[in-house]
Every structure is written in structure tokens, then in C-alpha cells.
Novice: 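Please see the structure below; I have some questions.
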Amino acid sequence: MNFEKDLQSARLIRRYKRFMADVELEDGSTITLHCPNTGSMKNCLYPGRKVWYLDSGNPKRKYPCTWELAEIPVMFGSEEKITLAGLNTGRANKLVEEALLQKQIPELVSYDNVRREVPYGEEKSRIDFLLEQDGLPDCYVEVKSVTLAVGDGLGLFPDSVTTRGTKHLRELMTMVESGKRAVLLFCAQHTGIDRVAPAHEIDPKYGQAIKEAAAAGVEILALGAEISTEEITLTRTLPVLDI
């Protein structure tokens, strides 16, 4: 997935009110970015570190610039490495859609028809992707963006309590019970993550729910990304631990 325009760089000052972040430009001036991430962004907020944003060029937007990437220090053993994270959670679905259409997810290559945001379930949800193919059970794919790196390559989800995420797991289990396929797909937009696990200490209910979902037949997958200031691409399958 290529960015629509060249990204511009700045230094993070602070993120606040969930959807705003102040940054300092090279000339010392400051602007406010739209922050497209509803989570806590735990381990992603480092004032003074470099960030990249996309300027929409739309004067009608109150905050025309959107925060896309951040420079993140991550420990690997005793060594600190600088990694890149994609903080725009809306990009996760676009990345997965691209991978589905290009047949880059081995477990899902048999499906040709990909539909987005389809209403389903008993709790009035919308599935990120409904995959259909003659002769195969429909496959419901729920995507979660992972950016919480805790060191040594481990990424955790969620980064804050997510009742919505737990609801989605219940919905996926219902699909399996009805004879359909259901997939929870973690999209790790972070070059410091090479394996994924539930964040049991942050949200024990979600951690228990994902164990129940896996036992019920929900397929749990994870994909890792290569990230640059020009593009983000899902390039590898990651192991999912502790489910």
C-alpha cells in the first residue's frame, strides 16, 4: 500500500483528546495533526521522536494533516533499536484487503469474492471482510491493528480495554457454530513486532474470550509489515502465542 502523497516529518510534542497530536516542524513552528487511532497508543508516544504525517490539502478539514508513522524505540535484549510503527488504524483494513486481493494470505487464497463492512451477527456488528466462493463456506474476517510492542519482538493486543473487540469474538464464535469460517486477523503495523499475543494484563476479559474463540474453531492469524515513508506492505506470517 503506497501512501497517497509524500509524507512530511516533524517531532512529536504530545497526543491528547484521543484524536489530536501537536508536533513541531523543522522551522520550529507547531501544527496539530488528526490522530486516527482510538486506542491508548501505549509504547507509541515518545515526545521529541520523529513522526510522519500526510497533508490532505483539504482546507475544509479542521485538521487537514493526518498522523501516519512514528519512530519507536524498542528493546531487543539489552540493545535499543529504532523501529517504525503505522499508527493510522484505518490503514490495517486497506493492507489486509490488498493482501486478500493479491492472494498473499495462504489460508485464504481459495476465496475470490471479497466484500467489506457487511452487517452480520446477533449483536448488530459489521464484519471487516466477508469472503465468498462457490463450494466453500463463507469466511468472516475481523481485522485488528497491533502497535503495542513490549520488547524482544513481542506485540500485544489490545493496548486498552476493548469491549467492542470482545463482542467481535462472540460474533465470530457464532459464525463458526453456524457452519461458517471465522478468522481473527492481527495486522502488526510495527517493524519491532515479529510475534503476537493477547494482552491478558491489560484486558483479562478479552484474553479469556480469545482463548474461548480459538477453542471454538475461530482461526487466529497474524501478519507482519515492512514499513517505510513511501509504503506499508504485509510481508510475513507471524506466530500467535498464548491462545
Side-chain angles (χ1 to χ4, degrees), residues 1 3-59 61-92 94-95 144-162 164-165 186-197 199-203 224-233:
M1 181 206 73
F3 291 109
E4 299 89 333
K5 295 182 178 180
D6 291 342
L7 298 185
Q8 301 181 50
S9 63
R11 298 280 174 178
L12 179 64
I13 298 174
R14 62 169 182 153
R15 181 250 192 161
Y16 58 104
K17 295 183 179 179
R18 295 178 70 190
F19 298 109
M20 290 182 280
D22 290 341
V23 298
E24 181 179 359
L25 306 183
E26 290 186 4
D27 63 5
S29 62
T30 63
I31 62 172
T32 299
L33 308 180
H34 168 61
C35 180
N37 190 315
T38 61
S40 73
M41 297 178 67
K42 182 178 174 66
N43 292 4
C44 291
L45 301 172
Y46 291 88
R49 290 284 184 178
K50 200 169 184 179
V51 300
W52 288 264
Y53 64 92
L54 189 149
D55 187 346
S56 69
N58 183 356
R61 282 181 51 177
K62 184 175 182 180
Y63 302 107
C65 298
T66 299
W67 190 1
E68 293 288 347
L69 305 178
E71 193 178 67
I72 309 290
V74 176
M75 296 304 297
F76 288 82
S78 60
E79 182 183 0
E80 181 181 271
K81 295 184 179 180
I82 302 303
T83 63
L84 282 179
L87 302 181
N88 185 342
T89 56
R91 298 284 183 187
K94 294 179 181 179
L95 288 166
K144 300 299 182 188
S145 181
V146 183
T147 56
L148 172 53
V150 295
D152 294 325
L154 180 61
L156 300 180
F157 183 90
D159 64 4
S160 58
V161 174
T162 173
R164 185 168 178 266
F186 291 117
C187 176
Q189 293 191 75
H190 198 304
T191 60
I193 292 175
D194 58 30
R195 61 196 193 282
V196 175
H200 292 287
E201 293 186 0
I202 293 174
D203 191 343
E226 295 295 331
I227 301 174
S228 73
T229 56
E230 288 79 36
E231 64 178 351
I232 305 177
T233 307

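Residues: numbered from 1 along the sequence shown. Everything numeric in this text was worked out from a predicted model, so none of it was measured.
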Novice: State, yes or no, whether a side-chain contact exists between Trp67 and Met20 at a heavy-atom distance under 4.5 Å.
Specialist: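 They are not in side-chain contact.
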
Novice: Taking Ser40's backbone N and O only, do any of them form a donor-acceptor pair with Asp159's side chain (distance below 3.5 Å, no angle check)?
Specialist: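 Side chain of Asp159 to backbone of Ser40: a pair is present.
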
Novice: Would Glu24 and Arg14 count as a salt bridge (charged side-chain N to carboxylate O under 4.0 Å, His left out) if you check the C-alpha gap in whole Å, the side-chain angles of each, and the deciding distance to 0.1 Å?
Specialist: CA-CA 10 Å; Glu24 181 179 359; Arg14 62 169 182 153; over 6 Å; no

Novice: Before giving the answer on side-chain contact (heavy atoms from CB on, under 4.5 Å), spell out for His190 and Thr83 the whole-Å C-alpha distance, their side-chain angles and the decisive distance to 0.1 Å.
Specialist: CA-CA 7 Å; His190 198 304; Thr83 63; 3.0 Å; yes

Novice: If you draw a 6.0 Å radius around CD in Glu26, do more than 12 non-hydrogen atoms from other residues or ligands fall strictly inside?
Specialist: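 12 or below, so no.
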
Novice: What are the two closest heavy atoms between Val146 and Gly155, and how far apart are they?
Specialist: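 Residues Val146 and Gly155, closest heavy atoms: CG1-C, 4.2 Å.
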
Novice: Within the distance-only criterion (no hydrogens, no angle test), does the side chain of Ser160 pair as donor or acceptor with the backbone N or O of Gly39 below 3.5 angstrom?
Specialist: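 Such a contact is absent between Ser160 side chain and Gly39 backbone.
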
Novice: What closest approach, in Å, do Asp152 and Asp194 show between heavy atoms, and which atom pair accounts for it?
Specialist: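 Closest pair (atom of Asp152, atom of Asp194, distance): O-OD1, 4.3 Å.
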
Novice: Return the CG to CH2 distance between Leu84 and Trp52, rounded to the nearest 0.5 Å.
Specialist: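 Nearest 0.5 Å value for the CG-CH2 distance: 5.0 Å.
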
Novice: Hey, are the side chains of Ile31 and Tyr53 touching, using non-hydrogen atoms and a 4.5 Å cut-off?
Specialist: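 SC-SC contact between Ile31 and Tyr53 confirmed.
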
Novice: More than 12 foreign heavy atoms under 6.0 Å from CZ of Arg164: is that the case here?
Specialist: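 Incorrect, the count does not exceed 12.
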
Novice: Is the shortest side-chain heavy-atom distance between Ser56 and Arg61 below 4.5 Å?
Specialist: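 Side chain of Ser56 against side chain of Arg61, heavy atoms only: contact under 4.5 Å found.
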
Novice: Drop me the distance from Ser145's OG to Asn88's CG, to the nearest 0.5 angstrom.
Specialist: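 If I round to the nearest 0.5 Å, the distance is 8.5 Å.
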
Novice: So, for Pro36 and Thr66, which heavy atoms are closest and what is the spacing to 0.1 Å?
Specialist: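 It is CG-CG2, 3.6 Å.
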
Novice: Look at the side chain of Lys50 and the backbone N and O of Ala10, then say whether any donor-acceptor pair between them is shorter than 3.5 Å.
Specialist: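 No.
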
Novice: Is there side-chain contact between Val150 and Asn43, with at least one heavy-atom pair below 4.5 Å?
Specialist: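 The answer is yes; the side chains approach within 4.5 Å.
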
Novice: Between Ile72 and Tyr46, is any pair of side-chain heavy atoms under 4.5 Å apart?
Specialist: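 Contact flag for Ile72/Tyr46 side chains = yes.
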
Novice: Start with the C-alpha distance between Ile193 and Leu154, add both sets of side-chain angles, then the distance that settles side-chain contact (heavy atoms from CB on, under 4.5 Å), and finish with yes or no.
Specialist: CA-CA 5 Å; Ile193 292 175; Leu154 180 61; over 6 Å; no

Novice: Run the salt-bridge test on Glu71 and Lys81 with the 4.0 Å N-O cut-off and return the result as yes or no.
Specialist: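 The answer is no: the pair does not qualify as a salt bridge.
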
Novice: If you compare all heavy atoms of Ile227 against all heavy atoms of Leu69, which two are closest, and at what distance to 0.1 Å?
Specialist: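 The pair with the smallest heavy-atom distance is CG2-CD2, 3.8 Å.
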
Novice: How close do Leu87 and Cys44 get, counting heavy atoms only, and between which atoms?
Specialist: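 Looking at all heavy atoms of both residues, the closest pair is CD2-SG, 3.8 Å.
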
Novice: Quick one: does Arg11's side chain have a donor or acceptor within less than 3.5 Å of a partner on Gly48's backbone?
Specialist: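 Flag set: sc Arg11 to bb Gly48 pair under 3.5 Å.
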
Novice: For Phe186, is the NZ or CZ atom of Lys144 found under 6.0 angstrom from the centre of its six-membered ring and inside 45 degrees of the ring axis?
Specialist: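 No, cation not above the ring by the 6.0 Å, 45° rule.
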
Novice: Taking side chain as C-beta onward, heavy atoms only, is Lys62 less than 4.5 Å from His34?
Specialist: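 SC-SC contact between Lys62 and His34 ruled out.
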
Novice: Answer whether the closest heavy-atom distance between the side chains of Thr89 and Thr38 falls below 4.5 Å.
Specialist: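 Thr89 vs Thr38: side chains apart.
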
Novice: Below 4.5 Å, heavy atoms only, C-beta onward: do Glu230 and Phe3 meet side chain to side chain?
Specialist: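 A side-chain contact is absent here, since even the closest heavy-atom pair is not under 4.5 Å.
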
Novice: Could you go through Ile232 and Gln189, starting from their C-alpha distance and side-chain angles, then the distance that decides it, and tell me whether this counts as side-chain contact (heavy atoms from CB on, under 4.5 Å)?
Specialist: CA-CA 8 Å; Ile232 305 177; Gln189 293 191 75; 3.7 Å; yes

Novice: So, taking the atom named CG in Leu148 and the one named CG in Leu156, what distance separates them when rounded to the nearest 0.5 Å?
Specialist: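 One finds 5.0 Å between CG of Leu148 and CG of Leu156.
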
Novice: Does CG belonging to Asn58 count more than 12 external heavy atoms closer than 6.0 Å?
Specialist: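 Correct, the count exceeds 12.
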
Novice: Could you check Thr32 against Asp22 for side-chain hydrogen bond (donor to acceptor under 3.5 Å, both in side chains), going step by step and ending with a plain yes or no?
Specialist: CA-CA 4 Å; Thr32 299; Asp22 290 341; 2.8 Å; yes

Novice: Which atoms form the tightest heavy-atom contact between Met1 and Leu95, and what is the distance?
Specialist: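 Closest pair (atom of Met1, atom of Leu95, distance): CB-CD2, 3.7 Å.
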
Novice: Give, for atom OG1 of Thr162 and atom CG of Asp203, the distance between the pair rounded to the nearest 0.5 Å.
Specialist: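 Thr162 atom OG1 to Asp203 atom CG measures 6.5 Å (nearest 0.5 Å).
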
Novice: Going through the checks in order, is the side-chain contact (heavy atoms from CB on, under 4.5 Å) test met by Arg15 and Met41?
Specialist: CA-CA 9 Å; Arg15 181 250 192 161; Met41 297 178 67; 3.5 Å; yes

